[in-house]
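Chain letters run A, B, ... following the sequence lines, proteins first, then strands; residues in each count from 1.
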Amino acid sequence: AQTVTQSQPEMSVQEAETVTLSCTYDTSESDYYLFWYKQPPSRQMILVIRQEAYKQQNATENRFSVNFQKAAKSFSLKISDSQLGDAAMYFCAYRSARMKGTALIFGKGTTLSVSS
Amino acid sequence: AAGVIQSPRHLIKEKRETATLKCYPIPRHDTVYWYQQGPGQDPQFLISFYEKMQSDKGSIPDRFSAQQFSDYHSELNMSSLELGDSALYFCASSLGGQGSYEQYFGPGTRLTVT
């Protein structure tokens, strides 16, 4: 079974600084997808960024970028120029590509606080 | 852009009662997922449907059942409610076709069992 591990329960960053959230996963599959979701206090789950395992190029979405190391099974999220609105719980998630409708498997999450 | 709609947003039930949660996916999305998130926990997958057929199954109690209808909306039926069922229930939707794999979440239904 696949597992996702986020080893940092809490992280903090100052406005305008850069922070990196860690995520590792375990799988025997070769084809899968990885995601980072943001959950602010409203508890809405917001998709931040996604990565296809077959792509070597790291995904980037504005201030958010990932460092995807397939051999090491590592998928970290870098937030540049941090803003107060980035404060939230961040979940790393794995999804198998083996069939349609497969579930997201989440890590335990990292709470990010941003100070001014 | 249209998002996933869930109703009701809040629900209070007593132990042993029944609850029905509804989910309306993003237009043209054919796959629906249900997740349960307890306080301070990560979302746990319950069940999913693709083209009205059950696609994947997670840790869904036998007291719960779900289905996807011809218009692609889905309902999660929960019977004999227990205190431990109090949680935030998310519905997510996606396009099940090749190359479309992102799941978009609704705002959730907060269920409180007293």
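Interface residues of residues 3-20 of chain B toward chain A, defined by a heavy-atom distance below 4.5 Å: none. By a heavy-atom distance cut of under 4.5 Å, A/Tyr37, A/Gln39, A/Arg43, A/Gln44, A/Met45 are the residues of residues 36-46 of chain A near chain B, going up by number. For a heavy-atom cut-off of 4.5 Å, chain A lies close to B/Pro107, B/Arg110 in residues 107-114 of chain B.
Side-chain atoms of A/Phe75 and A/Thr24, non-hydrogen and from C-beta on, never get closer than 4.5 Å to each other. Two residues are said to be in side-chain contact when any heavy atoms from C-beta on lie closer than 4.5 Å; A/Lys78 and A/Val66 fail this criterion. A 4.5 Å side-chain heavy-atom check between A/Thr27 and A/Tyr32 finds at least one atom pair inside the cut-off.
Between B/Phe105 and B/Phe90, the ring planes lie perpendicular to each other; the angle is over 60°, past the 30° to 60° tilted range.
The two residues A/Asp86 and A/Tyr90 make their nearest non-hydrogen contact at O-OH, 2.6 Å. Residues A/Leu84 and A/Ser115 come closest through the heavy atom pair CD2-C, 4.3 Å. The two residues A/Gln6 and A/Cys92 have their closest heavy-atom pair at OE1-N, 2.9 Å. Minimum heavy-atom separation, B/Asp85 to B/Ser80: OD2-O, 4.4 Å. Shown here for A/Met11 and A/Val19, the closest heavy-atom pair between the two residues is CE-CG2, 3.8 Å.
For chain B, the nearby parts of A/Phe106 are the backbone and the side chain; heavy atoms of each come within less than 4.5 Å. In this structure, chain A has a heavy atom under 4.5 Å from the side chain of B/Tyr35, while its backbone stays farther away. Within the 4.5 angstrom heavy-atom criterion, no atom of B/Gln54 approaches chain A. With a 4.5 angstrom heavy-atom cutoff, A/Leu104 touches chain B via backbone and side-chain atoms both. The contact between B/Phe45 and chain A is made entirely by side chain atoms (from C-beta outward), counting heavy-atom distances below 4.5 Å.
Because its NZ or CZ atom is both nearer than 6.0 Å to the ring centre of B/Tyr72 and within 45° of the ring axis, B/Lys52 counts as a cation-pi partner of that residue.
In terms of hydrophobic clustering, with Ile, Leu, Val, Met, Phe, Trp and Tyr side chains grouped at heavy-atom distances under 4.5 Å, B/Leu88 and B/Leu83 are assigned to different clusters. Under a hydrophobic clustering in which Ile, Leu, Val, Met, Phe, Trp and Tyr are joined whenever their side-chain heavy atoms come within less than 4.5 Å, directly or via other members, A/Val13 and A/Phe64 fall into the same cluster.
With chain B as partner, the option from A/Thr102, A/Leu47, A/Ile105 having the largest number of non-hydrogen pairs under 4.5 angstrom is A/Thr102. Interface check for chain B: of the options A/Met89, A/Arg50, A/Glu52, the most heavy-atom pairs under 4.5 Å are formed by A/Arg50. Your options are B/Lys57, B/Gln37, B/Gln41, and the one with the most heavy-atom pairs under 4.5 Å with chain A is B/Gln37.
Considering only residues two or more places apart in sequence or on other chains, A/Lys73 meets the salt bridge (charged side-chain N to carboxylate O under 4.0 Å, His left out) condition with A/Asp26.
A salt bridge links B/Asp42 to A/Lys108: at least one charged side-chain nitrogen sits closer than 4.0 Å to a carboxylate oxygen.
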What verdict does the side chain to side chain contact (heavy atoms under 4.5 Å, CB included) test give for A/Asn58 and A/Thr60, after you've listed the backbone C-alpha separation in whole Å, the side-chain angles of each residue and the deciding distance to 0.1 Å? CA-CA 7 Å; A/Asn58 290 322; A/Thr60 299; 5.5 Å; no
Decide yes or no on side chain to side chain contact (heavy atoms under 4.5 Å, CB included) for A/Ile49 and A/Phe35, but give the supporting numbers first. CA-CA 6 Å; A/Ile49 197 165; A/Phe35 306 87; over 6 Å; no
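In this model, a donor atom of one side chain and an acceptor atom of the other lie less than 3.5 Å apart for B/Trp34 and B/Ser74.
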